[in-house]
Number of protein chains: 2
Amino acid sequence: MDETDCKLLNLIQHDAALSLDELSERAGLSRNACWRRIKRLEDEGIIKGRVTLLDASRINVGLTAFIALRTTEHSASWLERFSNAVRDIPEIIGVYRMTGDVDYLLQAVIPDVAAYDRLYQRLIGRITLADVSSSFVMQEIKSTTVLPLDYAPERRG
Amino acid sequence: MDETDCKLLNLIQHDAALSLDELSERAGLSRNACWRRIKRLEDEGIIKGRVTLLDASRINVGLTAFIALRTTEHSASWLERFSNAVRDIPEIIGVYRMTGDVDYLLQAVIPDVAAYDRLYQRLIGRITLADVSSSFVMQEIKSTTVLPLDYAPERRG
DNA sequence: AGTGAAAGATTATCGGA
DNA sequence: TCCGATAATCTTTCACT
């Protein structure tokens, strides 16, 4: 992965709707060279896909909650049930198993605190949790899907 | 926003590369009705944009850290400086001002713990922080850009 | 809301450096 | 092996009915 690949990736990370013409011009490439690079990056799996981002408040999920969970059970079967439960709940957009004193960190989007409470009830109805601690986002200072390319490996075979 | 809009939004949330033909077929619409709906959703700002998602581990940022911050200063000018600092750091992909005992929650992606430490040093070099507490993601159980449409308002004028 | 045509974009193949 | 050009196909966009 060279500098031109990085340039292309950065452009399409910000805007997946850029045409090949725009991309190739901004990257200083011919249309075809550009197309082949992007195709290669897709085939290699570096590009995972293109998605459409929606305005959360316009679809009435303007409140974001972070939920820190602790569990008493640390078995594989518990994790399996937990994973299935959270994957089935569309309000939950992120679930991470963590180092440290918190076992799991969840991110959820909901309309308001009342909806959060219903989500909470649904969650503890499906799985046993030792401790649940929630905080709400008052202000979103930064939130991006753009990843830094500064660490990308020089080449690959 | 009716049921067909939701269907369309859900399709394009998952895959922004779907063609109008595919979309209109799956939504049970003519090509043009489909195109007009999507255009309207864009113009109304419900669709924020299309982005390309990259595989974090392939670009060498396979480690995610959540960083809980507390500050002694609670002034507008501090927040301003803090916001500028975090926006300038590409490893930091999310920054949220929170309710509760933690003032700010940050999400960052880095190659490894050593890189995290350099990021940490950079951060505390630019701004004064009372307390910093970091946890690392051991396992990503769910992480999606897809928002739930269950709460979307029925109509809008 | 649907048709169809013009404009534009994507993809594949081919020839050359 | 990589790059550029050309051509065929598919998509998007929009005016008109």
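Residue numbers start from 1 in every chain, and the chains themselves are labelled A, B, ... in the order their sequence lines are given, proteins ahead of strands.
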Q: Does any N or O donor sit under 3.5 Å from an N or O acceptor when you compare the side chain of B:R31 with the base of C:dG4?
A: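 Result: no qualifying N/O pair found.
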
Q: Indicate yes or no: at least one non-hydrogen side-chain atom of B:L53 is less than 4.5 angstrom from one of A:T145.
A: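 In contact.
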
Q: If we ignore hydrogens and angles and just use 3.5 Å, is the side chain of A:K142 paired with the main-chain N or O of B:S83 as donor and acceptor?
A: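 Side chain of A:K142 to backbone of B:S83, a donor-acceptor pair under 3.5 Å: no, none is there.
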
Q: Nearest-Å distance, CZ (A:R37) to C1' (D:dC3)?
A: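 Going from A:R37 (CZ) to D:dC3 (C1'), I get 10 Å.
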
Q: Once you measure the plane-to-plane angle for B:Y104 and B:W78, does it fall in the parallel (<30°), tilted (30-60°) or perpendicular (>60°) bin?
A: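 The arrangement is tilted - the two ring planes meet at 30° to 60°.
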
Q: Between A:D5 and A:R40, is the closest basic N to carboxylate O distance under 4.0 Å?
A: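 Yes, this pair counts.
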
Q: State which of C:dA1, D:dA5, D:dC14 makes the closest approach to the side chain of A:N32.
A: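 Nearest listed nucleotide: D:dA5.
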
Q: On the nucleotide D:dC3, are OP1 or OP2 found under 4.0 Å from the side-chain N or O atoms that A:S30 carries?
A: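 A:S30 to D:dC3 OP1/OP2: no side-chain N or O under 4.0 Å.
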
Q: Atom CD of A:E42 to atom C1' of C:dT10: distance rounded to whole Å?
A: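 So the two atoms are 12 Å apart, to the nearest Å.
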
Q: In whole angstrom, what separates A:K39's NZ from D:dC3's P?
A: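 Going from NZ in A:K39 over to P in D:dC3 covers 16 Å.
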
Q: I need the CZ-P distance between B:R40 and D:dT13, as an integer number of Å.
A: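 About 16 Å, once rounded to whole Å.
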
Q: Write down the distance between CG (A:L29) and P (D:dC3), rounded to a whole number of angstrom.
A: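 To the nearest whole Å, that distance equals 8 Å.
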
Q: When you check the phosphate oxygens OP1 and OP2 of D:dT12, does a side-chain N or O of B:W35 lie under 4.0 Å from one of them?
A: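 No, B:W35 has no side-chain N/O under 4.0 Å of OP1/OP2 on D:dT12.
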
Q: Looking at B:R31 and B:E22, is there a salt bridge between them, counting it only when a charged N and a carboxylate O are closer than 4.0 Å?
A: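 Salt bridge flag = no for B:R31 with B:E22.
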
Q: Which residues, if any, of residues 7-25 of chain B bring a heavy atom under 4.0 Å of DNA chain C?
A: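 Heavy-atom cutoff 4.0 Å gives no residues at all.
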
Q: Evaluate the ring planes of B:Y116 and B:F136, with Trp represented by its six-membered ring, and classify them as parallel (under 30°), tilted (30 to 60°) or perpendicular (over 60°).
A: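 Ring orientation of B:Y116 relative to B:F136: perpendicular.
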
